[in-house]
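Everything on this sheet refers to the single structure shown next.
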Amino acid sequence: MLELDAVSYRYPGYARQVLADVSLAIGSGEIVGLVGRNESGKSTLCLVASGLAPVSVGGVLAGEVRIDGTATAGLRPFELASRVGLVFQNPNTQRSGVTATVFEEVALGPVNLGLPVAETVERTHWALRTLRIEALADRDPARLSGGQAQLVAIASILAMRPPHLVLDEPTAQLDPEGTRLVGEALQALAGTGAALLVAEHKTDLLDRLCSRVVALDGGRVAMDGPAAIVLADPALEQLGVERPARHRIAGEVAAAGLVLPGAIA
Amino acid sequence: MAPPSGNPTTLSEADRAYLASLAPQAASPYHALNPLTKAAIATIATLAAFVLGGYVAPLAILTVLVIPGAVAAGVLTRLTRVAVLISVPISISVALVSVFTRAGATVLFTVGPFDATAEGVDFAGQIIVRLFVTAMALGLFGLTTEPRAFVVDLERRGLSPRVAFAAAATLETIPLMVERALAIQAAQRARGLDTEGSLAARIGGVMPLVGPVILSSLTEVEERSLALEVRAFGRPGRRDQLWTLADDGRQRLLRWALLVGFILVLVGRVAGALPALP
Ligand SMILES: Nc1ncnc2c1ncn2[C@@H]1O[C@H](COP(=O)(O)OP(=O)(O)OP(=O)(O)O)[C@@H](O)[C@H]1O
Ligand SMILES: [Mg+2]
């Protein structure tokens, strides 16, 4: 379970609060979507929810962030790493830079966790297979396309089998097939009892994946509720978020005064 | 797809062979030496050249400790070129400063208020020889060792991965910065900044690149270090590496011999038992 309790956050050296009074609880097996326009604080919330801010990033946090009941503030970075995974927005800066092949890159997390080689290898094979990127195993991680790099970054965290997972726009550079595979992998992870937080502009993906959606606006929670309700709410558009196609189409149809047989909504 | 549940304890033959194939491939017997052995040779050669000073001793060290390795590795020409490229700019500044500022009895010639002394020339010459030996020794290490191999080997010996990574990242960033500079240059050219043409125009065109290259490298370093934290990089304790590099008794003996030899030289020099060579 991931919990944020009245959290406000400022980056080091900045007076402005990037997050203000955010409360959020993600239960075991739950996938929560995070939406909001650019700069609304999604990436910052991902850093805070995974404990990295302020533990590694610094800055000032008010309120409390708890992972399975333990406050993140008192944990060291590697202790956080074994409790919650974090996939960053930019796949290229997530490369360790110390590996020569994708296989070693994906294996790096498990190796750092101190796992026996046999288990590291099995997890690495599994993570590569899950995202259908076995064919990339021997490639140089520095020479991948944006989408491939993103899948490798996700596989690198999946291989660590984190109890919970936070993802910052994990599919931004993926084609529909890659997006679908990532969605399936996340669902499988939630099926094992993980709490997942997914920041995404692709609301169609969230529509399929999430039970709940939170919309941020200027660092505050503007909407929080069941995915079906939040994603259908036309007010989302004022927050700079495009609703999923099915809700937009249903809205247009209704606005035109038409009724569809067996309506989609 | 369900995640693996068991805790496998054995590797299949295929996996074992695959992991072995991931280890850096050695291009020569010198490349195949353990990174620590190559690092020891480079370090001891550098330190001994500085401790002994003069001209004969550093050149003897170069001949005995560096050149045979470079020949065995097949990199002598490349190494010499790299070492000259690295040591020439520093040597010029060393020469300029020491030739004119070193006090001495024998004035060779005078430029304005500055006297060039024979002592200054000798001092500069000795420094330059040492710099060149250093560049050759460290260059040989760099040309024959993959940073990641060095990191994995140091980690296996118990060095903090953080320290090992800092070393490797520094070495590996250089080609990345060059690449980034080229990308930014292309972007700025697309926005109409001139980076081609006359030399003056080119220098003028390159200046706006310096900031972005350094800044983007800095934020990248910050983001990268976060990404490493997430991969449990800072966890203390041993790791089971996917592959290890060979090491053997002969190399261990060689490293100890280098260390003991260096300590003897150092003590001898400090105690005045070793005569100073020209
Ligand atoms: N490292 C940092 N230091 C200082 N301020 C930062 C830092 N990172 C982000 N910010 C600021 O925090 C605010 C929220 O940024 P954040 O990256 O969280 O937004 P976002 O919702 O993820 O946007 P996007 O959709 O573009 O990814 C922005 O005003 C940004 O300038
Ligand atoms: Mg963001």
Side-chain angles (χ1 to χ4, degrees), chain A residues 47 50 52 55-57 76-82 84-88 90 92-101 103-104 107-127 129-130 137-138 142 153 156-158 160-162 184-185 188-189 191-192, chain B residues 1-12 14-16 18-19 21-25 146-152 155 161 164-165 167-173 175-176 179 216 219-244:
Chain A
L47 286 175
S50 60
L52 227 51
V55 171
S56 294
V57 179
R76 317 236 309 267
F78 67 89
E79 295 173 319
L80 289 170
S82 57
V84 57
L86 173 61
V87 176
F88 293 85
N90 180 348
N92 281 316
T93 50
Q94 303 183 55
R95 250 188 316 111
S96 67
V98 290
T99 58
T101 61
F103 190 91
E104 292 162 278
L108 183 70
V111 166
N112 285 337
L113 287 175
L115 299 175
V117 173
E119 192 171 349
T120 293
V121 167
E122 180 176 352
R123 285 182 178 202
T124 305
H125 281 314
W126 166 76
R129 205 163 50 232
T130 300
D138 293 329
S156 299
I157 297 297
L158 286 182
M160 297 176 75
R161 303 270 296 108
E184 282 173 8
L189 196 60
T192 67
Chain B
M1 193 173 307
S5 48
N7 295 330
T9 48
T10 50
L11 277 172
S12 72
D15 282 337
R16 215 177 286 279
Y18 181 64
L19 293 183
S21 78
L22 292 175
Q25 304 301 309
E146 277 191 43
R148 66 190 179 108
F150 193 36
V151 172
V152 166
E155 274 185 45
F165 174 75
T170 316
L171 293 174
E172 305 226 8
T173 332
L176 278 178
E179 217 167 88
S216 66
T219 43
E220 179 172 324
V221 165
E222 202 184 348
E223 284 182 41
R224 273 241 206 139
S225 73
L226 284 184
L228 283 168
E229 303 281 15
V230 172
R231 311 274 285 282
F233 200 73
R235 192 191 68 91
R238 291 262 154 166
R239 286 121 165 85
D240 282 344
Q241 298 291 354
L242 297 184
W243 41 264
T244 50

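Order of the sequence lines fixes the chain letters, A, B, ..., with proteins taken first and strands second; residue numbering starts at 1 for each chain.
With chain A as the partner, the residue from L19(B), L22(B), L11(B), V230(B) showing the most heavy-atom pairs under 4.5 Å is V230(B).
For L158(A), no part sits under 4.5 Å from any heavy atom of chain B, backbone or side chain. With a threshold of 4.5 angstrom between heavy atoms, V121(A) approaches chain B through side-chain atoms but not through N, CA, C or O. Both the backbone and the side chain of D138(A) come within contact range of chain B, with heavy atoms under 4.5 Å apart. No part of T124(A) comes within reach of chain B, as not one of its non-hydrogen atoms sits under 4.5 angstrom from that chain. For L52(A), the part lying near chain B is the side chain, with the backbone staying farther off; criterion is any non-hydrogen pair under 4.5 Å. Neither the backbone nor the side chain of A185(A) comes within contact range of chain B, judged by heavy atoms closer than 4.5 Å. If you measure heavy-atom distances from T120(A) to chain B, the contacts under 4.5 Å come from the side chain alone. In this structure, the portions of A100(A) lying under 4.5 Å from any heavy atom of chain B include both its backbone and its side chain.
Side chain to side chain, Q241(B) and T244(B) fail the donor-acceptor criterion of an N or O pair below 3.5 Å.
A232(B) and R239(B) make their closest contact through O-NH2, 3.6 Å (heavy atoms, listed as atom of the first residue, atom of the second, distance).
Although no hydrogens or angles enter the test, the distance criterion places a donor-acceptor pair under 3.5 Å between the side chain of R235(B) and the main chain of N112(A).
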